[in-house]
Amino acid sequence: MEQKLISISVDGKKIEVDPGMNLIDACALAGASVPSLCFMKDISANASCGVCVVEVEGAKALVRSCVQKPVEGMKIRTAGPRVMSARRTAVELLLANHPTDCLSCIRSGTCELRVLAETLGVRASRYPKLKKFPPPDTSTEGLVRDDSKCILCGRCVAACAETQSVHAIAFAGRGARTRVTSFMDKGLANSPCIQCGQCSVVCPTAAITEKDQSSEVMAALADPRLTMIIQTAPAIRASLGEALGMPPGSLVTGKMVAALRRLGFAKIFDTQFSADLTIMEEGTEFIQRVQTGGTLPMITSCSPGWINFIETFYPELLSHLSSCKSPQQMFGAVAKTFYAQKTGIDPASLRVVSIMPCTAKKGEAGRPEMDSAYRWWREKAEKDGTKMSREHYRDVDWAITTRELARMIRQSAIDMASLPEENFDSSLGESTGAATIFGNTGGVMEAALRTVYEILEGKALPQTDFLPVRGLQGIKTAEVPVAGMKVKVAVAHGLKNARVLLDDIAAGKSDYHFIEVMACPGGCIGGGGQPVLPDIGKKLARNRSLYMEDLRLPERKSHQNAEVSALYKEFLGQPAGHLSHELLHTKYKARIV
């Protein structure tokens with residue numbers, strides 16, 4: 001039943017609001033922006049920072065607006081002398097134990113604490129530094145935790161627990177000894193952490209960040225002995241512009257290619273090429289499972305955070321995963337075998353860099369089984385009676401995030417907005433619209449259905465867009481008639497939602513044939529390596545941009561990708577064939593923490 005609106009006054013302006021909302025949102029409706037460091041809509045509201053205080057007529061103390069509800073006739077003042085003094089004191093207390101390395105901090109331009117201190121006119125803290133902190137936790141491949149920069153806002157804890165249901169970090173200690181940490185301070189690598197990075201995109205400071213590898217990549221670009229090639233994930237084209245100061249959702253595909261050329265990469269390729277390749281492999285695998293009585297529902301395997309999650313929490317369901325590698329890893333394997341052989345490049349000097357919206361991609365690139373190019377070249381060398389070193393044969397050498405690429409572009413003084421539009425290189429650069437939408441939740445499912453339908457039906461789709469699997473609802477379901485059967489599909493994004501589907505499978509109650517899971521809310525557009533402080537508006541803008549590019553491309557179905565077809569003809573043979581399984585598929589196993 002819809003609640004009746006109530007009337008309140010904010011800074012003298014009367015407005016009607018829902019009594020169930022909090023005061024910070026009610027003030028926003030009146031045009032009053034109340035600052036906060038612990039509050040983040042739909043993620044965290046624990047009143048810990050004390051910055052969001054407002055004055056309520058008749059109340060003895062100031063009210064923390066992120067948790068207080070409005071009542072009929074309430075009169076609120078958002079910026080009086082008492083309020084401003086309290087906010088400045090709260091910020092000074094936070095700064096007392098905070099490092100002063102702002103100029104060199106990785107979050108220098110996006111730190112909420114720094115912005116708020118400047119806004120409030122706080123230049124220094126009157127309070128002594130009392131805390132000592134352990135060294136940063138660098139135990140995982142994707143993330144770094146630095147307690148000295150933590151302001152105990154709780155956003156990361158809420159994102160990990162409520163959005164992802166992982167609970168890798170929590171508050172420990174009491175009073176002045178309170179801190180955010182992993183279980184028994186053993187480090188994130190020894191916790192259930194899946195490296196999704198959702199903690200890093202909501203952190204207001206640099207307490208949790210991606211493990212920055214941009215300096216390593218820049219050093220390699222300066223090495224004349226190396227051939228540096230790069231792949232860019234679908235979601236990057238809709239978020240890189242935002243990271244460089246453009247409006248959210250800015251579609252910068254061609255300008256991004258131009259910027260990467262100016263950074264010095266030998267070839268700029270598109271991960272969308274291998275997204276189309278993934279659909280050919282995954283779609284074929286799904287058809288084979290349906291026709292031969294294989295394990296159903298089959299679940300997509302493109303999201304490494306999701307793979308870490310199922311390996312940790314549901315290892316008994318691993319047989320449901322598609323054996324396909326992610327597009328990032330498929331690209332690396334193809335680049336260091338087919339492309340290296342075709343162009344005559346020594347694979348020992350070839351380096352593959354990927355630009356990903358995801359911190360978990362760093363860990364995925366480092367998984368020991370992701371060395372299929374090395375195994376392929378070793379087999380060829382053994383036939384020739386020679387030996388080869390394993391060094392430098394990892395399929396993907398570096399996976400860097402949207403944020404890292406933005407820093408590289410700024411450091412190189414490249415004004416991306418003024419660059420001309422340029423095209424990806426061939427023969428690993430062509431893609432279809434189906435690959436573009438991989439960046440959105442539901443995109444992998446829609447891309448797969450476009451191809452599976454036409455292969456099984458032997459005719460063109462009457463409608464290319466599968467609207468039921470689009471949107472930002474936590475779980476989306478659809479029933480698609482294909483070749484005389486009704487294919488039931490489900491899409492989940494955010495791992496709390498994935499648990500719902502997994503629990504049904506474990507209980508034997510699932511009747512789905514095909515399930516897509518993306519670890520991050522919104523899919524890759526909301527990835528842990530994307531521009532920080534995401535909100536629903538930014539995600540929707542990125543989402544719309546990818547669907548817009550899908551509509552613009554001349555081909556919108558993965559099986560129409562001419563370069564992928566040529567790859568099969570010249571090298572792989574056929575989808576799900578022997579060589580494809582050797583290079584493009586893998587096995588997953590239980591993760592013990």
Side-chain angles (χ1 to χ4, degrees), residues 1-95 110-123 125-127 151-155 157-159 162-163 202-205 247-248 472 521 532-541:
M1 183 177 176
E2 188 175 331
Q3 288 184 299
K4 184 179 179 181
L5 297 181
I6 61 173
S7 178
I8 66 172
S9 170
V10 179
D11 296 332
K13 180 179 181 179
K14 289 186 177 181
I15 59 170
E16 290 191 333
V17 299
D18 185 332
M21 73 191 321
N22 51 43
L23 287 187
I24 197 169
D25 287 331
C27 291
L29 289 177
S33 179
V34 176
S36 175
L37 290 170
C38 66
F39 174 76
M40 197 166 200
K41 192 171 179 63
D42 300 325
I43 292 176
S44 173
N46 57 25
S48 65
C49 71
V51 172
C52 71
V53 290
V54 295
E55 196 169 4
V56 175
E57 187 176 279
K60 292 182 179 180
L62 296 177
V63 170
R64 301 199 177 198
S65 62
C66 70
V67 292
Q68 181 69 44
K69 304 296 182 185
V71 296
E72 179 67 40
M74 180 180 278
K75 294 181 179 180
I76 302 160
R77 192 177 184 189
T78 65
R82 188 180 173 199
V83 168
M84 299 305 290
S85 176
R87 288 177 185 168
R88 280 192 289 268
T89 298
V91 170
E92 286 183 71
L93 287 167
L94 291 173
L95 289 173
T110 56
C111 175
E112 288 182 79
L113 179 59
R114 181 181 178 182
V115 170
L116 185 55
E118 183 178 347
T119 301
L120 294 173
V122 177
R123 299 289 178 259
S125 175
R126 295 170 291 168
Y127 303 100
I151 60 172
L152 300 176
C153 67
R155 288 184 187 175
V157 174
E162 301 302 321
T163 304
V202 300
C203 178
T205 63
L472 297 183
V532 294
L533 312 176
D535 58 35
I536 190 67
K538 292 177 182 177
K539 289 179 183 178
L540 284 170

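Numbering starts at 1 and runs along the sequence shown.
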Enumerate the residue pairs fulfilling salt bridge (Lys or Arg N to Asp or Glu O under 4.0 Å) with a member in residues 58-68, sequence neighbours excluded, ordered by first and then second residue.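 For residues 58-68, and leaving out neighbouring residues, there are no salt bridge (Lys or Arg N to Asp or Glu O under 4.0 Å) pairs at all.
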Among residues two or more places apart or on two chains, list those pairs meeting side chain to side chain donor-acceptor pair (under 3.5 Å) that have a residue in residues 67-95. D11-T78, E92-R126
Enumerate the side chain to side chain donor-acceptor pair (under 3.5 Å) contacts for residues 32-59, please, sequence neighbours excluded, ordered by first and then second residue.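 For residues 32-59: D25-K41, N46-S48.
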Within-4.5 Å side-chain heavy-atom neighbours: [X] and [Y]:
{"X": "P521", "Y": "T163", "answer": "yes"}
{"X": "V34", "Y": "F39", "answer": "no"}
{"X": "I43", "Y": "E162", "answer": "no"}
{"X": "L533", "Y": "T110", "answer": "no"}
{"X": "L113", "Y": "V91", "answer": "yes"}

Taken to the nearest 0.5 Å, the spacing of S65 OG from L23 CG works out to 6.0 Å
What distance separates L152 CG from L37 CG, expressed to the nearest 0.5 Å?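 Those atoms lie 11.5 Å apart.
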Minimum heavy-atom distance between A90 and V51, given as atom pair plus value: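 Scanning both residues completely, I find the closest heavy atoms to be CB-CG2, 4.2 Å.
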Which atom pair, heavy atoms only, marks the closest approach of V67 to A45?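 So the two residues come closest at CG1-O, 3.7 Å.
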If the condition is salt bridge (charged side-chain N to carboxylate O under 4.0 Å, His left out), which residues does R155 pass it with, not counting sequence neighbours? E112
Non-neighbouring partners of A86 that pass side-chain contact (heavy atoms from CB on, under 4.5 Å), sequence neighbours left out: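 Once residues adjacent in sequence are excluded, the partners of A86 under the side-chain contact (heavy atoms from CB on, under 4.5 Å) criterion are V53, L62.
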Among residues at least two apart in sequence or on other chains, which ones pass side-chain contact (heavy atoms from CB on, under 4.5 Å) with V17? I6, I8, I15, M21, A26, L29, P70
Intermediate values then yes/no, side-chain contact (heavy atoms from CB on, under 4.5 Å), C153 and C49: CA-CA 6 Å; C153 67; C49 71; 5.7 Å; no
Within a radius of less than 6.0 Å around CD of E118, do more than 12 heavy atoms belonging to other residues, nucleotides or ligands occur?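 12 or below, so no.
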